[in-house]
Asks: 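Pasting a structure below so you can have a look.
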Amino acid sequence: MSPAPLDAPDFTAADAFVWHVDPDRLQPVDKVNRVDMGLLVGVDRSRDTLLENTVQFARGLPANNALLWGARGMGKSSLVKAVHAAVLAQGHELKIVELQREDLSSVGRLLNLLRASDQRFLLFCDDLSFSHDDQHYKSLKAVLDGGIEGRPENVVFYATSNRRHLMPRDMIENERSTAINPSEAVEEKVSLSDRFGLWLGFHPCDQDEYLAMIRGYCDAYGVEIDSETLRAEAIEWQATRGARSGRVAWQYFTDLAGRRGVSI
């Protein structure tokens, strides 16, 4: 009455996979949606640290799990995918597997599948966060370093989040105010992010970095525009959005490329 065991996937079919459940399967991704690392502006330190950690892992050396946290739209998930591409370009074998936050409860089954392979895997969860009644964080603890088996030697876990501690501040404060032992209740919640060896912070960009991002996209894709026009239009665009970030820069560039008849 139980489902048949999952067949071992052909990991040579692709360099990227997405984990699905019901039924459990790893779906190969032929073309990963990512940007070149050289187009990521204002994240030099995080880029270098994450790349070094990932290369170490791909070479079979010790490496840390990484949490990329901070301002939205500043290239956290783009950096993870760009680093994976850079590691492949250096000639290392490394597979990236995307895991949805909603499927964290199945992560044990996924790890058993990856543990049985001789490949090395970067397990990636984008936009990771937890709400008040969310118990998925308990499943994640075993991925990071808990449990008897622990994290497989051939798996490293990278996550992105807008929150440093992965949970809303009011959730932590509520635990502190209502628990019998406030410090213990808070420790259980905060200890999750402590299990990441690397914390890489992403902060809002200034106007010069915002304009440099757009100019980089224009140069990379061959969109010609003079500096004064670009500056005026880009500043107006970010003013109408009420925000300034790498995502807003790309959205303006997409509009610009469309108006100039350039495919991207």
Side-chain angles (χ1 to χ4, degrees), residues 2-3 5-6 8-9 11 16-29 32-33 50 53-54 57 63-70 72 76-81 83-84 94-117 119-172 174-175 185-200:
S2 62
L6 180 65
F11 288 118
F17 298 84
V18 176
W19 173 248
H20 296 285
V21 297
D22 296 326
D24 292 350
R25 65 195 185 281
L26 279 167
Q27 182 71 38
V29 178
V32 178
N33 178 29
L50 192 66
N53 188 72
T54 311
F57 174 73
N64 277 306
N65 300 310
L67 174 63
L68 290 70
W69 67 276
R72 67 185 189 275
K76 298 183 293 292
S77 60
S78 295
L79 180 59
V80 173
K81 292 180 285 188
V83 162
H84 175 246
L94 180 64
K95 309 296 181 182
I96 186 170
V97 178
E98 184 174 17
L99 170 69
Q100 303 297 328
R101 190 201 70 84
E102 293 78 11
D103 297 329
L104 280 174
S105 58
S106 68
V107 71
R109 303 195 300 273
L110 173 58
L111 290 182
N112 287 335
L113 191 64
L114 302 183
R115 182 183 281 111
S117 172
Q119 300 279 348
R120 301 188 74 76
F121 299 95
L122 193 171
L123 187 56
F124 171 49
C125 186
D126 192 21
D127 197 19
L128 182 63
S129 62
F130 302 98
S131 59
H132 294 264
D133 57 351
D134 198 334
Q135 298 297 312
H136 284 146
Y137 74 91
K138 294 183 178 179
S139 301
L140 185 57
K141 285 185 176 182
V143 181
L144 297 175
D145 64 3
I148 296 177
E149 290 182 303
R151 173 169 57 91
E153 182 275 335
N154 63 333
V155 176
V156 70
F157 185 71
Y158 289 179
T160 68
S161 177
N162 294 333
R163 302 172 181 146
R164 185 174 184 177
H165 290 300
L166 303 177
M167 299 181 183
R169 181 179 296 274
D170 61 339
M171 179 179 180
I172 296 176
N174 183 62
E175 290 285 355
V186 173
E187 281 296 319
E188 180 185 14
K189 303 294 188 297
V190 175
S191 68
L192 181 60
S193 56
D194 285 342
R195 296 173 186 242
F196 289 91
L198 289 180
W199 284 7
L200 302 177

Asks: Decide yes or no for Leu50 and Leu68: does some side-chain heavy atom of the first lie under 4.5 Å from some side-chain heavy atom of the second?
Replies: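 When only atoms from C-beta onward are counted, Leu68 and Leu50 do touch, with a gap below 4.5 Å.
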Asks: Do the non-hydrogen side-chain atoms of Val156 and Arg120 ever get within less than 4.5 Å of each other?
Replies: no
Asks: What I'd like to find out is whether the side chain of Leu122 reaches to under 4.5 Å of the side chain of Val83, using heavy atoms alone.
Replies: no
Asks: Rounded at 0.5 Å granularity, tell me how far CG in Asp103 sits from CG in Leu110.
Replies: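 The distance works out to 9.5 Å.
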Asks: Side-chain contact, heavy-atom cut-off 4.5 Å: Lys95 with His84?
Replies: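 A side-chain contact under 4.5 Å is absent here.
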Asks: Side chain of Asn53, backbone of Ala63: donor and acceptor closer than 3.5 Å?
Replies: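 Here the side-chain-to-backbone pair does not exist.
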Asks: Excluding sequence neighbours, so at least two apart, what forms side chain to side chain donor-acceptor pair (under 3.5 Å) with Arg109?
Replies: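 So Arg109 forms a side chain to side chain donor-acceptor pair (under 3.5 Å) with Asp24.
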Asks: At what distance, to the nearest 0.5 angstrom, does OG of Ser106 lie from CD of Gln100?
Replies: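 The OG atom of Ser106 sits 10.5 Å away from the CD atom of Gln100.
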Asks: Go through it in stages, so that I can follow the logic: the residues are Asn162 and Lys76, the test is side chain to side chain contact (heavy atoms under 4.5 Å, CB included), and I'd like the CA-CA distance, side-chain angles, deciding distance and then a yes or no.
Replies: CA-CA 9 Å; Asn162 294 333; Lys76 298 183 293 292; 3.5 Å; yes
Asks: Do Leu67 and Leu128 have side-chain heavy atoms sitting under 4.5 Å apart?
Replies: no
Asks: Residues in ring pair (Phe, Tyr, Trp, His ring centres under 6.0 Å) with Phe121, at least two apart?
Replies: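 Ring pair (Phe, Tyr, Trp, His ring centres under 6.0 Å) list for Phe121, sorted by chain: Phe11.
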Asks: Tell me, do Leu114 and Phe17 make a side-chain contact under 4.5 Å, heavy atoms counted?
Replies: no
Asks: Can you tell me how far the CH2 atom of Trp19 sits from the CG atom of Leu111, to the nearest 0.5 Å?
Replies: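 With rounding to 0.5 Å, CH2 (Trp19) is 9.5 Å from CG (Leu111).
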Asks: Hey, could you give me the OH/CG distance between Tyr158 and Asn65, rounded to the nearest 0.5 Å?
Replies: 8.5 Å
Asks: List the residues meeting side chain to side chain contact (heavy atoms under 4.5 Å, CB included) with Asp126, not counting sequence neighbours, and say none if there are none.
Replies: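 Testing Asp126 for side chain to side chain contact (heavy atoms under 4.5 Å, CB included), a comparison that skips the adjacent residues, returns Ser77, Glu98, Phe124, Thr160.
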Asks: Drop me the distance from Leu94's CG to Asn154's CG, to the nearest 0.5 angstrom.
Replies: 10.5 Å
Asks: Looking only at heavy atoms, what is the nearest atom pair of Val32 and Ala16, with distance?
Replies: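 That would be CG2-CB, 3.5 Å.
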